[in-house]
Number of protein chains: 2
Amino acid sequence: MIKANDPNIRSWIKVAKNSDFPIQNIPFGIFSKGRIKARPATIIGDTVIDLKALADLGFFDSVDFNKKVFNEPTLNEFLKLGKSTWRAIRERLSDLFNKKNKELQDDENAKDKVLHAADEIEMLMPVRVRDYTDFYSSKEHATNVGTMFRDPENALLPNWLHIPIGYHGRASSIVVSGTPLHRPKGQTRPNPEEPPVFGPCRLLDFELEMGFITGQGKPLGENIPLEEADDYIFGLVLFNDWSARDIQKWEYVPLGPFLGKSFGSSISPWIVTLDALEPFRMRPTKREVPILPYLDGKANRRINVNLEVQIQPEDQEAHTVSRSNLKYMYWTIEQQLAHHTINGCNINAGDMMASGTISGTKPDSYGSMLELSWKGTKPLSMPDGSERKFLKDGDTVILKGYAEKDGVRIGFGEVTGKVLPAL
Amino acid sequence: MIKANDPNIRSWIKVAKNSDFPIQNIPFGIFSKGRIKARPATIIGDTVIDLKALADLGFFDSVDFNKKVFNEPTLNEFLKLGKSTWRAIRERLSDLFNKKNKELQDDENAKDKVLHAADEIEMLMPVRVRDYTDFYSSKEHATNVGTMFRDPENALLPNWLHIPIGYHGRASSIVVSGTPLHRPKGQTRPNPEEPPVFGPCRLLDFELEMGFITGQGKPLGENIPLEEADDYIFGLVLFNDWSARDIQKWEYVPLGPFLGKSFGSSISPWIVTLDALEPFRMRPTKREVPILPYLDGKANRRINVNLEVQIQPEDQEAHTVSRSNLKYMYWTIEQQLAHHTINGCNINAGDMMASGTISGTKPDSYGSMLELSWKGTKPLSMPDGSERKFLKDGDTVILKGYAEKDGVRIGFGEVTGKVLPAL
């Protein structure tokens, strides 16, 4: 049992009943505020905690690690410390902010230096993303796409049940929640009898995903076996893999999605640790065909995270268009990482690996407009009477997620992004 | 006219007749030697020139830039300086090592600190590769692959003549020349009637490519027009895109190559600047269909670089298996960069963009074993009487390249990599 996960712990920092960030969460991120340019932090309730300030005041002296990682503008150096240190730091934070602990609680001077109201700071990219990989691990999503674009009778391709299919993505354009994105321009071929045309994307979409962030891996040539995978996974974020369906359709054969994806992906700012998610792990769904031994084992566990997608048209209320769950993934994050490295591919601290669109079994749990509107044939009705087949300029897409059990809610906050007109 | 390219300049450093590195080249790389861990350098003939030592001695005082970029273990910070500074530094080096210049030539003490024999140093990765993209820009290669795996009558896919097709690759596993690579293991399906199997790759291949390395681009959302592309391209290297054909075949539909590529790619250590290649530029081949305006313009120029592939079996001489040329690319590097950013995708200093396999029109100019042995149906004969359909353990693959005109040879050196048995 990870002590920090004890549902009975209460913090001396005030935490609202439905907060995503009780003391059992302790996620990690990077914040800025005035002269503080970019620095590691955690959050309890609505209070952001400056980890460098804590270290400077000696509150981490009992934990053996290089405190300079908290001077860095990203978490990459922190991620190199490895699981046992990540865990020791989280346990120390759990202890320090426990109601029973007076060390900081009674030191008003120190609290002034350490604590910030969440609405007075800005959250930045938590990591400089090294390599980014996107998987395709929801069977429902792969089946829906196969049904729409290929053959409903053979919707899943022959490799899908054997391989956690994935592809390399673009790291440079991953942005933090709140960053608006311009509608991309590009080449499409709306009429297969005519030459391609150039212009703004007409079929702009979101994809409801989650992504995990890795620590430092092994040298090139060595693999990370399934049973060791969790040691290299730091935590997870919400991930919106914005997609330009018309650009993607024309470009993606035979080498995969490229400009249909690389104009931007958005992540939530707080990385929720795998440790904090431990109480919400589940066994995988039953395999439909036997899988090879390197992908099979007890280390495979799903995570039960409730997910929600909202669209907020300009100057209107947000409207929920989908509710899904991370548990719908057929392939686990352990299988993804074991597969990714089985050929000797090395991973670095700060790699990002996303799940692929997480669609559930029912139409209102699909994770993209492509599926929700079934290729535009079933438009969604919005509260203002308008319809959505795909995203409009001015729409803000909001993804939210949380796990809940025994009265403890471990939340991810949200990732938002507004669609601006094409430049 | 770039002054440093003047064919009449001679250096006071000795340069052998067929050297890849006359004073007209001045490529950039990272070297180490004993206590010098990793530091920027250039090379003339067989003499490696320590750029930090030059800066410390004041030899760059006439050029306005932050000299600290030469303290860095990679060229990434140098690459952020931009084209006019890259050019000024190269011009200064051309001037300093010109036979007519006595500043350093007559200073034995300074020369001791600056100059190293090439066989006494080690070359390292020149950049920490940020994002890596692989294109697919040789029409002959795309046609050969389409003929073998799809339909000889429609070998080129419908999008190929309209789009410089590319895909995101794995940056973490790009290694410098001389780094051996283990044969990857993975999942393949040799018999389509049977379940997939796991084991070492059986169809290991090289791909003859070149890659360009970028400077710092524009903010996310903005594009780099064709006419500006050359301002953001620092230089080129030789690139061996090792490929596991059997792994690739089973995994790549629908999202593209993944583990069949990500176990390793090898680059030559010296980045030859685009400026040094200016005399070898050519107009593009005729477009076979009209292309969209964002890909069309005078900025499109090919580069005439002679390329050679050798295979050196264990304890034997190297044997040339292919001669090709960068000029066979249908899509230019300017088109690649303009296309890559047309959707607003941002590029960073240190991004790598490779050409895709460069195959010529004749069978002895193909850039991969897949094509040279035509899927294994026409094995190559080696001098020792053995045959090669694909690569064997112990084989070293050597790529070489040079441009030549007016008695000046601008070479890339070589990229070598040895195949070690699977772990």
Side-chain angles (χ1 to χ4, degrees), chain A residues 130-134 136 157-159 162-163 165-173 175 181-182 184-187 189 192 195-198 201 220-223 244 247 250-260 262-264 289-290 292-294 339-340 342-348 351 423, chain B residues 130-134 136 157-159 162-163 165-173 175 181-182 184-187 189 192 195-198 201 220-223 244 247 250-260 262-264 289-290 292-294 339-340 342-348 351 423:
Chain A
R130 297 288 299 263
D131 275 290
Y132 156 50
T133 298
D134 195 23
Y136 188 55
L157 288 163
N159 55 15
H162 299 277
I163 297 179
I165 292 290
Y167 68 106
H168 309 291
R170 181 79 191 176
S172 70
S173 52
V175 296
L181 285 171
H182 288 279
K185 291 180 288 194
Q187 198 178 131
R189 194 178 201 174
V197 298
F198 177 81
C201 161
L220 183 63
E222 296 181 29
N223 70 301
I247 294 173
W250 172 227
E251 76 178 354
Y252 92 104
V253 177
L255 300 183
F258 185 46
L259 300 193
S262 63
F263 60 94
V289 299
L292 285 164
Y294 79 95
H339 181 67
H340 202 310
I342 192 64
N343 67 344
C345 179
N346 54 335
I347 63 161
N348 284 302
D351 283 355
L423 278 179
Chain B
R130 296 289 299 262
D131 274 290
Y132 155 51
T133 299
D134 195 23
Y136 188 56
L157 288 165
N159 54 15
H162 299 277
I163 297 180
I165 294 289
Y167 68 107
H168 309 291
R170 182 79 191 176
S172 70
S173 53
V175 295
L181 285 171
H182 289 279
K185 291 180 288 193
Q187 197 178 136
R189 193 177 203 174
V197 297
F198 178 79
C201 160
L220 182 64
E222 296 182 28
N223 70 301
I247 295 172
W250 172 228
E251 74 178 356
Y252 91 104
V253 176
L255 300 183
F258 184 47
L259 300 193
S262 63
F263 61 93
V289 300
L292 286 163
Y294 79 96
H339 180 66
H340 203 311
I342 191 63
N343 67 343
C345 179
N346 53 335
I347 63 161
N348 283 302
D351 283 354
L423 277 179

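Proteins get letters first, then strands, A, B, ... in listed order; numbering begins at 1 in each. The structure presented is a predicted model; accordingly, all values stated were derived computationally and were not measured.
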*Asks:* Under 4.5 Å, counting heavy-atom pairs only, tell me which of B:His182, B:His339, B:Arg130 racks up the most with chain A.
*Replies:* B:His339
*Asks:* Minimum heavy-atom separation for B:Glu251 to A:Ile165, with atom names?
*Replies:* O-CD1, 3.7 Å
*Asks:* Identify which part of A:Val197 has an atom lying under 4.5 Å from any heavy atom of chain B, answering side chain, backbone, both or neither.
*Replies:* backbone
*Asks:* So which residue, B:Asn223, B:Asp351, B:Asn348, B:Leu292, ends up with the most heavy-atom pairs under 4.5 Å with chain A?
*Replies:* B:Leu292
*Asks:* In Å and rounded to the nearest 0.5 Å, what is the OG1 to CZ distance from B:Thr133 to A:Arg170?
*Replies:* 5.0 Å
*Asks:* Within this structure, what is the OH-CG distance for the pair B:Tyr132 and A:Asp131, rounded to the nearest 0.5 Å?
*Replies:* 11.0 Å
*Asks:* Is A:Asp134 close to chain B through its backbone or its side chain, or both, or neither, when contacts mean heavy atoms under 4.5 Å?
*Replies:* neither
*Asks:* Say you draw a straight line from NE2 of B:His162 to CZ of A:Arg189; how long is it, rounded to the nearest 0.5 Å?
*Replies:* 5.0 Å
*Asks:* I need the residue from B:Pro192, B:Gly186, B:Pro257 with the largest number of non-hydrogen atom pairs under 4.5 Å to chain A.
*Replies:* B:Pro257
*Asks:* Looking at residues at least two apart in the chain, or sitting in another chain, which of them share a side-chain contact (heavy atoms from CB on, under 4.5 Å) with A:Val253?
*Replies:* B:Leu157
*Asks:* Taking all non-hydrogen atoms of both residues into account, name the closest pair between A:Ile342 and B:Phe198 and its distance.
*Replies:* CG1-CE1, 3.4 Å
*Asks:* What distance separates A:Asn159 CG from B:Leu255 CG, expressed to the nearest 0.5 Å?
*Replies:* 9.0 Å
*Asks:* Taking side chain as everything from C-beta outward and backbone as N, CA, C, O, which of these in A:Ile347 sits under 4.5 Å from a heavy atom of chain B? Side chain, backbone, both or neither.
*Replies:* both
*Asks:* For B:Tyr167 versus A:Phe258, what's the shortest heavy-atom pair and its separation?
*Replies:* CA-CD1, 3.9 Å
*Asks:* Output the distance between atom CD (A:Glu222) and atom CG (B:Leu423), rounded to the nearest 0.5 Å.
*Replies:* 7.0 Å
*Asks:* Okay, side chain of B:Asn346, backbone of A:Ser172: is any donor-acceptor separation there less than 3.5 Å?
*Replies:* yes
*Asks:* Of the listed residues (A:Gly221, A:Pro196, A:Gly344, A:Gly264), which shares the most heavy-atom pairs with chain B below a 4.5 Å separation?
*Replies:* A:Pro196
*Asks:* So does B:Cys345 get a backbone contact from the side chain of A:Ser173, meaning a donor-acceptor N/O pair under 3.5 Å?
*Replies:* no
*Asks:* With chain B, which of A:Trp250, A:Phe263, A:Tyr136 has the greatest number of heavy-atom pairs at distances under 4.5 Å?
*Replies:* A:Trp250
*Asks:* Heavy-atom distances under 4.5 Å only: say whether A:Pro158 touches chain B with side chain, backbone, both or neither.
*Replies:* both
